[in-house]
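The next block holds one structure in the form of structure tokens; read it before the comments.
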Amino acid sequence: MGTGTWWWAGAAGTAWAELLVAAVLLLRPRGRTGGTGSADAMPGVARGATPGAPPGVPPDAPPGPAALALLRGGRRAAVTVALVALHQRGAVAAGRRRTIRANGGPGRTRDPVQLGVHRSLRNALPLRALALRPEARRAVDGLRAELGRAGLLRPPGRRRAALLLAAAAPATLAAGLLAGAAAGDGPGAWAVLAAGPPVLLAALGLLRLPPATRAARRLLAELRERHPLPAHRREVTDGHLVQLYVALYGDPALALFLPRFSRDGGLLDRPDQDGP
């Protein structure tokens, strides 16, 4: 085996090692107890305080609405649920040109995301800009850290490292191929076909993994099964349940329960939706 082939073999081995480390980082996130955050280890979510829930909630209860929204749709979804809760207390209202404005104090709440979102509304802001304001970002990042410790979100630092490794694997393989070609006795076509496509497919699969873990996706599916979206908004009178439906279903629930606020405030991804 020539020098070029050795370069290729070394690059292929390194690429697979990068993918293996990336898979371990992505697929085995640590939960609060120091083990893996699997669904089997958690009766409801995980041991310890329930993420995003007010004090006094049992530790095996599902996460609060903002936490569930973060699992389903990310930062913007969590801020949207916080706005729904604030709007229910009259603390925010739709502004001009599809913005949200403060409408008095935040009311009696200790929810960090709601408080962070309300403090961000010194001026009327569109949802996208509001979600990026420092106070709102810090509050959502704190909730994200809680969900990571509960094994429901892949920890951001480990996820970034894993994605870098997964993206680097094809580049490592390409570097080995170029080094082999420069040496004049690179690998044959069969070797390239044997190693190249599997590395690319594995890297693509890891890069496409969502931030939410399998336990989180199972939890969301179970809650949707227990709480199907009603056909009419008059079927639901509990404000907390409205927040839960918005957390689980997003735009359809917004259009059902808060059609005017969500449309005028720019909360809908498809603003032409209207409620019954």
Please find the pair of heavy atoms, one from [X] and one from [Y], that lie closest to each other, and give the distance.
X    : Y    : result
A212 : A216 : CB-CB, 3.9 Å
A78  : A66  : CB-O, 3.7 Å
A22  : A166 : CB-N, 4.1 Å
Q88  : G239 : NE2-O, 3.0 Å
A136 : L130 : CB-O, 3.5 Å
L125 : S120 : CD1-O, 3.5 Å

inquiry  = Once side-chain hydrogen bond (donor to acceptor under 3.5 Å, both in side chains) is applied, what residue pairs with a partner in residues 165-177 remain, sequence neighbours excluded?
reply    =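 Counting only pairs at least two positions apart or across chains, the side-chain hydrogen bond (donor to acceptor under 3.5 Å, both in side chains) contacts touching residues 165-177 are E18-T172.
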
* Asked: With sequence neighbours left out, what residues match Y249 under ring-ring contact (aromatic ring centres under 6.0 Å, His included)?
  ->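 Residues passing ring-ring contact (aromatic ring centres under 6.0 Å, His included) with Y249: none at all.
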
Those residues at least two apart in sequence (or on a different chain) that pass side chain to side chain donor-acceptor pair (under 3.5 Å) with R138 are none

[X] vs [Y] side-chain heavy atoms within contact, under 4.5 Å:
X    : Y    : result
R89  : T109 : yes
R98  : P126 : no
L121 : L86  : no
F261 : I100 : yes
R122 : R133 : yes
L127 : L83  : yes

Taking [Y]'s backbone N and O only, do any of them form a donor-acceptor pair with [X]'s side chain (distance below 3.5 Å, no angle check)?
X    : Y    : value
R154 : P210 : yes
D251 : L268 : no
T99  : A124 : no
H118 : G104 : yes

State plainly whether one hydrophobic cluster holds both L115 and V140, where clusters connect Ile, Leu, Val, Met, Phe, Trp and Tyr through side-chain heavy atoms under 4.5 angstrom apart.
no

Return the [atom1] to [atom2] distance between [X] and [Y], rounded to the nearest 0.5 Å.
X    : Y    : atom1 : atom2 : answer
L19  : T14  : CG    : OG1   : 11.0 Å
F257 : L229 : CZ    : CG    : 6.0 Å
L164 : R160 : CG    : CZ    : 9.0 Å
L147 : L153 : CG    : CG    : 5.0 Å
T213 : R218 : OG1   : CZ    : 9.5 Å
R144 : R137 : CZ    : CZ    : 8.5 Å

Counting neighbours of [atom1] on [X] that are heavy atoms of other residues, nucleotides or ligands and sit closer than 6.0 Å, is the number greater than 12?
X    : atom1 : value
E235 : CD    : yes
R224 : CZ    : yes
N123 : CG    : no

The side-chain contact (heavy atoms from CB on, under 4.5 Å) partners of A139 (sequence neighbours excluded) come to V113

Residues at least two apart in sequence or cross-chain that pass side-chain contact (heavy atoms from CB on, under 4.5 Å) with L223, listed by chain then number, are P62, L68, L219, R226, H227, L248

Residue pairs passing the salt bridge (charged side-chain N to carboxylate O under 4.0 Å, His left out) test with at least one member in residues 75-84, sequence neighbours excluded, are R75-D141, R76-D269

